[in-house]
Participant: 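The structure that follows is given in the form of structure tokens.
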Protein chains: 4
Amino acid sequence: MIKKRARKTEDKKERVETILKVARDLFIKKGFKGTTIREIARRAKLESSGTLYIYFKNKDELYGAICEKALKYNVDMLVEASKSSGSVFERLLLISKAYVRVQMRSESELLSMNLNDLKLSESIFKRFDELDKDWINSMSSILNEGKKNGYFDNELDVLTVSISIYGAMEGFVYYKKFGYLDDLNVSIDDLVEKHISYFLNGINK
Amino acid sequence: MIKKRARKTEDKKERVETILKVARDLFIKKGFKGTTIREIARRAKLESSGTLYIYFKNKDELYGAICEKALKYNVDMLVEASKSSGSVFERLLLISKAYVRVQMRSESELLSMNLNDLKLSESIFKRFDELDKDWINSMSSILNEGKKNGYFDNELDVLTVSISIYGAMEGFVYYKKFGYLDDLNVSIDDLVEKHISYFLNGINK
Amino acid sequence: MIKKRARKTEDKKERVETILKVARDLFIKKGFKGTTIREIARRAKLESSGTLYIYFKNKDELYGAICEKALKYNVDMLVEASKSSGSVFERLLLISKAYVRVQMRSESELLSMNLNDLKLSESIFKRFDELDKDWINSMSSILNEGKKNGYFDNELDVLTVSISIYGAMEGFVYYKKFGYLDDLNVSIDDLVEKHISYFLNGINK
Amino acid sequence: MIKKRARKTEDKKERVETILKVARDLFIKKGFKGTTIREIARRAKLESSGTLYIYFKNKDELYGAICEKALKYNVDMLVEASKSSGSVFERLLLISKAYVRVQMRSESELLSMNLNDLKLSESIFKRFDELDKDWINSMSSILNEGKKNGYFDNELDVLTVSISIYGAMEGFVYYKKFGYLDDLNVSIDDLVEKHISYFLNGINK
DNA sequence: CATGAATGAGGTTTCATTCAT
DNA sequence: TATGAATGAAACCTCATTCAT
């Protein structure tokens, strides 16, 4: 017996999106090996797991497609955040929040998983690595401007400070994701703002 | 006779340790599902994967045993770091470094992996959650002492600052593990020290 | 109107022919199980594999249709070759070559494949078996005539000789198909002629 | 539940042999794709098809192992047949019969199947091709000796004759395998002897 | 008629676990 | 205790076939 069939082009796109979303959630929650095609199919309301193979060649490529999406979002956010204007504090806050937003979309994790065995085009990993450096450069340039304008000491190690800030953001996100912040009744936005504020205060001349 | 028995017990302990170590490495690298009993056995120089079942009831319990070890190490480090004396800066640095050391021993990850399907005694997760709070409390008490001694403003939100610092540490460890720090030629110890130093500077009265 | 209909029928016939040809080639090259409906459809320039089911009830029947065609060609060639006239040598050569021509059209293989699981009407296999006997009879009657005319010894076992000749033809075809003859720079026509010539020489009184 | 286990080394070898035999028969009968691991396992009295993978890495390698065996048998028979002595007729008969015996062991077919998709070491196919040429050379040298001794005309095309004889043998085997000879009450040995005898007679000076 | 997305049965393969030795 | 062959459940994936459009 054959039931429910998507027919219009609309449906097809929708289905792909549903699968991507469902799969993303599962991959994040259970890892690549821990996630089964059957469960993805079931949650995406596919009658049969064979259906999934209409849309994605195999599990590896499905994973890859999700990574691509994550990468794109990451790039977009960086580009937008880089266009910011305002005071050094405002700009640092903005880029930090953008970074937090990206990391909160847990797909980012997918890219840092151990994927050695995956037959994905290596390029995606390279692109991801480079992107990370772009974020750091973007923040560094804000800090350098601050230096020029006399806000920071000339001796300030801009690179280390950038990593220091991003590292902190990374950690906040981690805490948020695992529910610690909720347990402790601390909002992540508050945390970010206070942190940046204290930190800037600490590196100000 | 007695010696022989003692010898055997020794061997057994050694074997268990080898298995735990090998399994830990694999679980960290490949995840729970991605790691096979066969590979653990092979790397632990067991002739057969059947042998592993003499020492551990099943894969879940092996995983649990590793988590227990991680937990114990974590507790030990906290206890030791809590005994510290010296200036507020010195004590904050010390506890932060201890935290970093714990997180660097990647087993910690094992405890934050998604193990919903694992039939591990829940208790271990509870104990882990509580331990996290103990770390925060331990740092908070240092900060509170600083407050009392007039180093920090009375308005300072001690809890948020604690999380802020630990979050940053978490992030640094993450960066270290994925090789970013190496790529950028930044040492983690340096990063920690500078970060704590700037941050304290920022929250000082 | 009528023209249009005729046109369509023409198209249909064409399509059926294309499918049969494409499918035949694939079945020969990859076997029944090794050939997919999708590939047949793709090579036959059908938009979809569903379309194929308009023309053939299922894979089995498509296979059956190809066998039928092979059978018909086989019968036709036998009928034509049987009408031959000339010397015994000429007639033997002619029928042998006809047999070779039939076997070279690889469809014949399709009929000797193991199709136990195929739900083809048994009749086709029976008809094929009988046809084989017809070929033998046809050659036997030529040989018998030779006997009557005093070319061969009365003791000559006509049946065995027939099989002997056909068997040799079968083998030549096999060698040709797998490229051995090409490797050795031997033409199949030459081989057939020389073989028949030597063999006749051997059985002549 | 776990049942019946082979334990001794004897058993293991036996099991491999059983699997090879059963698989060979099925591959010959149904082709590579048409044969399922499950059926091989069932016929080899394995409780589970997983068991087969203890002995063979996968379907391809199982197929390869069978081909290797066929190749070895083929080589052995050729070597033995080449050592023959006696009259030209006797030696031709002997080598022809050896060839028939090899081809009757149907594994030979396995090597001429379309295996493009198989991930087997190409070498086996090359070795098989060369072996074929060795058979031809071996027969050619007998014929050449006959020439030297004045049995055959100097003009005799030794290569073509060799192929002619082998081709015939190939055909006889084919007829035998598909039951035609049985239907016609003709023994293959008889057929071979008569054929060689007639043929030699035909090419004698 | 034609399409092609959907289905589901069935194939290959892996792997945790058991248990006879 | 130690072994490792055996098991079977379950994973991924393919493909003949159907049927809404």
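Letters A, B, ... mirror the listed sequences (proteins, then strands); counts begin at 1.
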Participant: Tabulated below should be each protein N or O lying under 3.5 Å from an N or O of nucleotides 11-13 of chain E; please produce it.
Facilitator:
residue	atom	partner	partner atom	Å
E:dT12	OP1	D:T35	O	3.4
E:dT12	OP1	D:I37	N	3.3
E:dT12	OP1	D:K59	NZ	3.0
E:dT12	OP2	D:I37	N	2.8
E:dT13	OP2	D:Y53	OH	2.5
E:dT13	OP2	D:K59	N	3.0
E:dT13	O5'	D:Y53	OH	3.3

Participant: Using heavy atoms to find the nearest nucleotide of DNA chain F for B:L52 and D:I54 separately, return the residue whose nucleotide is more 5′.
Facilitator: B:L52

Participant: For C:T51 and B:T51, find the nucleotide of DNA chain F closest to each by heavy atoms; which residue's nucleotide sits nearer the 5' end?
Facilitator: B:T51

Participant: Could I get the full list of side chain to side chain contact (heavy atoms under 4.5 Å, CB included) partners for C:T51, not counting sequence neighbours?
Facilitator: C:R15, C:L46, C:S48, C:I54, C:Y55

Participant: In whole Å, what is the span from the CZ atom of C:R42 to the P atom of F:dT14?
Facilitator: 14 Å

Participant: Under 4.0 Å between a Lys/Arg side-chain N and an Asp/Glu carboxylate O for D:E68 and D:R127?
Facilitator: yes

Participant: Where does the angle between the aromatic ring planes of C:F32 and C:F27 fall among parallel (under 30°), tilted (30 to 60°) and perpendicular (over 60°)?
Facilitator: parallel

Participant: Could you measure the distance from the OH atom of C:Y73 to the CZ atom of C:R105? Nearest 0.5 Å is fine.
Facilitator: 5.0 Å

Participant: Send over the distance from D:E61 CD to E:dT14 P, rounded to a whole Å.
Facilitator: 11 Å

Participant: In whole Å, I'd like the distance from the CG atom of C:L46 to the P atom of E:dT3.
Facilitator: 7 Å

Participant: I need the NZ-P distance between C:K45 and E:dT3, as an integer number of Å.
Facilitator: 14 Å

Participant: If you apply the rule side chain to side chain contact (heavy atoms under 4.5 Å, CB included), what do you find for D:K69 with D:R24, and how did you get there?
Facilitator: CA-CA 10 Å; D:K69 265 191 84 171; D:R24 191 202 62 168; over 6 Å; no

Participant: Under the rule for side chain to side chain contact (heavy atoms under 4.5 Å, CB included), what residues qualify as partners of B:R43, not counting sequence neighbours?
Facilitator: B:V22, B:L26, B:E39

Participant: Any chance you could encode DNA chain F as dot-bracket? Rule is Watson-Crick or G-U wobble with both distances under 3.5 Å; [ ] for pairs crossing earlier ones, | for another strand.
Facilitator: .||||||||||||||||||||

Participant: The criterion is side chain to side chain contact (heavy atoms under 4.5 Å, CB included); which residues satisfy it with D:N58, sequence neighbours excluded?
Facilitator: D:Y53, D:D60, D:E61

Participant: Quick check: on DNA chain E, is the nucleotide nearest D:S48 upstream (toward 5') of the one nearest C:Y55, or the reverse? Name the residue that is more 5'.
Facilitator: C:Y55

Participant: Treating C:K59 as the side-chain partner and C:T35 as the backbone partner, does any N or O pair qualify as donor plus acceptor under 3.5 Å?
Facilitator: yes

Participant: Considering every strand and a 4.0 Å limit on heavy-atom distances, what is the contact class for A:F56: base, sugar-phosphate, or nothing?
Facilitator: nothing

Participant: How long is the line joining CD1 of C:I19 and P of E:dC1, in whole Å?
Facilitator: 12 Å

Participant: Once side-chain hydrogen bond (donor to acceptor under 3.5 Å, both in side chains) is applied, do any residues pair with C:K72, and if so which ones, sequence neighbours excluded?
Facilitator: C:D76

Participant: In whole angstrom, what separates B:E47's CD from F:dA5's C1'?
Facilitator: 15 Å

